[in-house]
> 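I'd like to ask you about the structure that follows.
We count ligands from 1, going down the list as the structure has it; atoms in each ligand are counted the same way. Computation of the quantities below employed the complete heavy-atom set of this structure, encompassing side-chain atoms and omitting hydrogens, waters and symmetry-equivalent molecules.
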Amino acid sequence: MYLMKDITRDGDPVLRQEAADVQFPLSAEDRKLADDMMEYLVISQDETENEKYKLRPGVGLAAPQVGESKRMAAILVPGEFEDDEPLFKGVISNPVIISHSVQDGALDMGEGCLSVDEDVAGFVPRHDRITVRYQNLDGETVKLRLKDYPAIVFQHEMDHLHGVLYYDHINQAEPWAESEDVKYIK
Ligand SMILES: CC(C)(C)[C@H](NC(=O)Nc1cc(F)cc(F)c1)C(=O)N(CC(=O)NO)CC1CCCC1
Ligand SMILES: [Zn+2]
């Protein structure tokens, strides 16, 4: 299983590369990569387990963050309440945004990243609503419409596959400057 020591940190060139397409059917190696990334998220979101292994609770993890420059990311967006089903749980490959809202969305607290130890403050403007097409672990093409928090998570992880980090989007001059057509997400 992955521990924090296995997560690449800002400065490692792999985080700034354009990742390679995932080939289907999945190799045994890529299947293990997918399982290991999802396992990290599941364990990291369990109070006792994450304490035991000192893991930062993660909602998404992209392959470049474990040193693999491949277009694959695991996403586990918890439901509203403790016992709810997750809003999304899956490993996506070769994702593409095929359409999006004109309106932007940004988390009102800003963002962080498992690969960036120092939080960089400021709004991270993204699309508020997206239609994303990706391949699931069986190689089937899936089309998904997302909005608000899940849409932000997907865009954050998809950025990693293109060598983009969240603070690249922050207005350095005025990090917390509010603009008209941005929806600030709780
Ligand atoms: C960097 C960190 C602060 C750990 C961030 N977690 C987070 O924002 N909150 C969180 C964590 C949970 F486990 C469950 C939950 F509902 C909320 C995160 O996982 N990421 C993922 C990442 O770095 N992927 O590369 C950063 C998030 C910022 C916006 C979207 C992803
Ligand atoms: Zn990240």
> Under 4.0 Å from any heavy atom of P57, which atoms of ligand 1 are there?
4 (C), 6 (N), 11 (C), 12 (C), 13 (F), 19 (O)
> Only one of D159, D104, D168 forms a salt bridge (Lys or Arg N to Asp or Glu O under 4.0 Å) with R126, so which one is it?
D159
> Going by the order shown, which atoms of ligand 1 are within less than 4.0 Å of some heavy atom of E111?
28 (C), 29 (C)
> Please determine whether side-chain contact (heavy atoms from CB on, under 4.5 Å) holds for the pair Q155 and I97, giving the CA-CA distance in whole Å, both sets of side-chain angles, and the decisive distance to 0.1 Å.
CA-CA 9 Å; Q155 292 173 81; I97 290 177; 4.0 Å; yes
> Has ligand 1 got any nitrogen or oxygen that is less than 3.5 angstrom from a nitrogen or oxygen of S44?
no
> For ligand 1, is there an N or O atom under 3.5 Å from any N or O atom of H156?
yes
> What N, O or S atom of H156 is found closest to the Zn ion (ligand 2)?
NE2
> Could you tell me how the ring of W176 sits relative to the ring of F123: parallel (under 30°), tilted (30 to 60°) or perpendicular (over 60°)?
perpendicular
> Could you list the atoms of ligand 1 found under 4.0 angstrom from a heavy atom of H160?
25 (O)
> List ligand 1 atoms under 4.0 Å from Q45, heavy atoms only on the residue side.
13 (F), 14 (C)
> Ignoring hydrogens and angles, tell me if any N or O in the side chain of D30 forms a donor-acceptor pair with the backbone of S27 under 3.5 Å.
no
> Is any side-chain heavy atom of Y134 closer than 4.5 Å to a side-chain heavy atom of M158?
no
> So which heavy atom in the protein is nearest atom 26 (C) of ligand 1, and how far is it from that ligand atom?
G112 O, 3.3 Å
> If I apply the N/O under 3.5 Å rule, does G60 come out as touching ligand 1?
yes
> Measure from the side-chain N and O atoms of T141 to the backbone N and O of Q135, and report whether any donor-acceptor pair falls under 3.5 Å.
no
> Hey, does the side chain of D138 reach the backbone of E140 with a donor-acceptor pair shorter than 3.5 angstrom?
no
> In terms of residue, atom name and distance, what is the protein heavy atom nearest to atom 9 (N) of ligand 1?
Y149 OH, 4.0 Å
> So which protein heavy atom does atom 24 (N) of ligand 1 come closest to, and at what separation?
E157 OE2, 2.6 Å
> Supply the atom-to-atom distance D128 CG to H100 NE2, rounded to the nearest 0.5 angstrom.
12.0 Å
> Of all the non-hydrogen atoms in the protein, which one sits nearest to atom 14 (C) of ligand 1, and at what distance?
P78 CG, 3.8 Å
> Using the ring of each side chain (for Trp, its six-membered ring), is Y166 parallel, tilted or perpendicular to H156, with breaks at 30° and 60°?
parallel
> Could you verify whether a donor N or O on one side chain and an acceptor N or O on the other, from S179 and D181, lie under 3.5 Å apart?
no
> Tell me which one of D119, L114, L87, V42 gets a heavy atom nearest to atom 23 (O) of ligand 1.
L114
> Looking at ligand 1, does any of its N/O atoms fall within less than 3.5 Å of an N/O of S115?
no
> Please name the atom of H160, limited to N, O or S, that comes nearest to the Zn ion (ligand 2).
NE2
> With no hydrogens and no angle check, just 3.5 Å: does a side-chain donor-acceptor pair link Y167 and D10?
yes
> Purely on distance, is any nitrogen or oxygen of R56 under 3.5 Å from one on ligand 1?
no
> Closest by any non-hydrogen atom to atom 27 (C) of ligand 1: pick that one out of D159, V59, V153, I75.
V59
